[in-house]
Q: 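Pasting a structure below so you can have a look.
Just so we're clear, the structure is a prediction, and the values are computed from it rather than from any experiment. Letters A, B, ... are given to chains in the order of the sequence lines, protein chains preceding strands, and every chain is numbered from 1.
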Number of protein chains: 2
Amino acid sequence: MAQSDTVDRILDAAEELFAERGFSETSLRMITSKAKVNLAAVNYHFGSKNALIHAVFARFLTPFSATLENAFDELEARCDGEPPTLNQTLWALTESAVRMPQRNEKGISIFMRLLGLAYTQSQGHLRKFLEQEYSQPFSRFMRLLKEATPQLSAVDRYWRIQFMLGATAFTMSSSDALRDILQNKLGVETTVQEIAARLVPFLAAGMQAEDAMLVPPASKTSVA
Amino acid sequence: MAQSDTVDRILDAAEELFAERGFSETSLRMITSKAKVNLAAVNYHFGSKNALIHAVFARFLTPFSATLENAFDELEARCDGEPPTLNQTLWALTESAVRMPQRNEKGISIFMRLLGLAYTQSQGHLRKFLEQEYSQPFSRFMRLLKEATPQLSAVDRYWRIQFMLGATAFTMSSSDALRDILQNKLGVETTVQEIAARLVPFLAAGMQAEDAMLVPPASKTSVA
DNA sequence: TTGCCGATCAAACGTATGTTTCAAACAGAC
DNA sequence: GTCTGTTTGAAACATACGTTTGATCGGCAA
């Protein structure tokens, strides 16, 4: 049985519980009892709770960032010098995410929610860790976005990227619940791939919206 | 001075700290020491920490939902039978938020972040409280959205509303952090009003995007 | 004044947290 | 089998939390 099982069981349980309840709302005792390992195992194998959080992210993000780099390589090769379009770039990202080997059927949506939480819960250490560790594929994605939307100012593009991230993380993180609601209300089944297929055009349209800063149409509001 | 301003000082401190650090990461001792009141005052005046959280929301949300109802009334009156457009509906919402009387200069951004946190941190009691207490303006907003996008199928509209909600909640919930990043990277200052002014066109464009379900294309698609 | 009652205060309560300790169990090399 | 280093186990550690207690204060009516 070696050490193997313990580390992975902790990571599995932690991943799921963090996604369900957030980081500080999840105690080590919940994790170890769900993983059926001793409480001390976390500090023995990972050193601290924060280090465990980092490990949960690293286990998914490291192979994912490799997959993503390959997808970008292939895309740029296919475009042969021309910058890829926004749609192509977004599709390369979502395809990479969807195609990642999943530990279980909830895999991708769990991880989307974790990414959302990482950004939302102002856990300083997590943000710093992610930015340091995965800056390369992140900046490459940013460069592709920039080349695909040359008409946008840097500030506009920055905010619209945040909007995209929000729509994605939020939707994917609660996609299970949302799918259930839809099933009950309208009697429609939906897969994660279908959600992505609806999300990408939404994002692309928002990203390429005609310039912002419009005043409320046909209204007599003024700025002080 | 009556019951002194203990209650208000607690609410002020709690609002700010919750927005900065989240709910469970903020202790009653932080709140009472920032408010310069005794620790027991929270339980004396509010009963519990959860009740304090509810009170923080109620102090803002109750007058806000009244303002919002008025804005919707006015909008529908102005439209004279015709359903308001998507842009008008979204603007009515953001204008109502921005125009709320602020306790201080950070007022609105603090509260946006709180709303984002409420959706993100799965604090069951908070979700339940908000849904029960403010269901009326919420369903009215949903009805307006439906009338403003008759071209969408119910399923498409359902998902796109989730995307809008996600972009908004996520951005607002981390707006302080995002503003800081922008400040450091590009040396740009941003107000919440400006974020909203960028968000609304993004949402409207995404909501009205030409139909979904495209496969990763080799062609750039543009919106008519 | 006296009596009263809501508001404040310092202190303690019980519980839960992350982390540490140290002995026992284990595996593999000799 | 014996030794050696790694992994598990039960228990304790110190700290922080939300909440409760009971004494004390302060204004006001009778």
Q: Look at atom CD of Glu74(A) and say whether more than 12 heavy atoms of other residues, nucleotides or ligands are closer to it than 6.0 Å.
A: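 Not buried by this count: 12 neighbours or fewer within 6.0 Å.
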
Q: With no hydrogens and no angle check, just 3.5 Å: does a side-chain donor-acceptor pair link Glu25(B) and Ser24(A)?
A: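 Present: a donor and an acceptor within the cut-off.
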
Q: Identify whether any heavy atom of Thr32(A) sits under 4.0 Å from a base atom; if not, whether one sits that close to sugar-phosphate; answer base, sugar-phosphate or nothing.
A: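 The residue Thr32(A) makes no contact with any strand.
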
Q: What is the distance, rounded to the nearest whole Å, between atom CZ of Arg21(A) and atom C1' of dA16(C)?
A: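 These atoms are roughly 13 Å apart.
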
Q: Examine dT17(C): is either OP1 or OP2 under 4.0 Å from a nitrogen or oxygen in the side chain of Ser27(A)? Give yes or no.
A: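 Looking at the OP1 and OP2 atoms of dT17(C), one of them is under 4.0 Å from a side-chain N or O of Ser27(A).
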
Q: Ignoring the backbone of Tyr44(A), work out which of dT8(D), dG18(C), dG6(C) is nearest its side chain.
A: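 It is dT8(D).
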
Q: Whole-Å distance between dA7(C) P and Asp5(B) CG?
A: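 After rounding, the gap between these two atoms is 13 Å.
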
Q: What is the separation between atom CZ on Phe23(B) and atom P on dG18(D), rounded to the nearest whole Å?
A: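 To the nearest whole Å, that distance equals 14 Å.
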
Q: In whole angstroms, how far is the C1' atom of dG18(D) from the CG atom of Asn50(B)?
A: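 From Asn50(B) CG to dG18(D) C1': 10 Å.
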
Q: With nearest nucleotides of DNA chain C determined for Arg29(B) and Gly47(A) from heavy-atom distances, which residue corresponds to the more 5′ nucleotide?
A: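 Looking at the nearest nucleotide for each, Arg29(B) comes out on the 5' side.
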
Q: Would you mind checking if Glu194(A) and Arg198(A) are paired as a salt bridge, meaning a charged N to carboxylate O distance below 4.0 Å?
A: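 No, no charged N to carboxylate O under 4.0 Å.
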
Q: Rounded to whole angstrom units, what separation is found between the NZ atom of Lys36(A) and the P atom of dG9(D)?
A: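 Spelled out: NZ on Lys36(A) to P on dG9(D) is 13 Å.
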
Q: Rounded to whole angstroms, how far apart are CG on Leu39(A) and P on dG9(D)?
A: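 One finds 11 Å between P of dG9(D) and CG of Leu39(A), rounded.
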
Q: Is there a side-chain polar atom (N or O) of Ser48(B) under 4.0 Å from OP1 or OP2 of dG18(D)?
A: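 For Ser48(B), the contact criterion (side-chain N or O under 4.0 Å from OP1 or OP2 of dG18(D)) is not met.
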
Q: Measure the distance from CZ on Phe46(A) to C1' on dT20(C) and round it to the nearest whole Å.
A: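 The distance from CZ of Phe46(A) to C1' of dT20(C) comes to 18 Å, rounded to the nearest Å.
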
Q: Any side-chain N or O of Thr6(A) under 4.0 Å from OP1/OP2 of dT7(D)?
A: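 Checking Thr6(A) against dT7(D): no side-chain N or O falls below 4.0 Å of OP1 or OP2.
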
Q: Take a 6.0 Å sphere around CD of Glu69(B) and say whether it holds more than 12 heavy atoms from other residues, nucleotides or ligands.
A: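 Yes - once you tally the heavy atoms of other residues, nucleotides and ligands closer than 6.0 Å, there are more than 12.
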
Q: On DNA chain C, does the nearest nucleotide to Met30(A) precede the nearest nucleotide to Asn38(A) from the 5' side, or the other way round? Give the residue.
A: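 Mapping each residue to its closest nucleotide by heavy atoms, the 5'-most match is Met30(A).
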
Q: So, does His45(B) get its side chain near the phosphate of dG6(C), meaning an N or O under 4.0 Å from OP1 or OP2?
A: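 The answer is no; no side-chain N or O of His45(B) sits under 4.0 Å from OP1 or OP2.
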
Q: Can you tell me how the ring of Phe129(A) sits relative to the ring of Tyr134(A), calling it parallel under 30°, perpendicular over 60° and tilted otherwise?
A: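 Geometry flag for Tyr134(A) against Phe129(A): perpendicular rings.
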
Q: Return the value, rounded to whole Å, for the distance between atom CD1 of Ile10(A) and atom P of dG9(D).
A: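 The distance from CD1 of Ile10(A) to P of dG9(D) comes to 11 Å, rounded to the nearest Å.
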
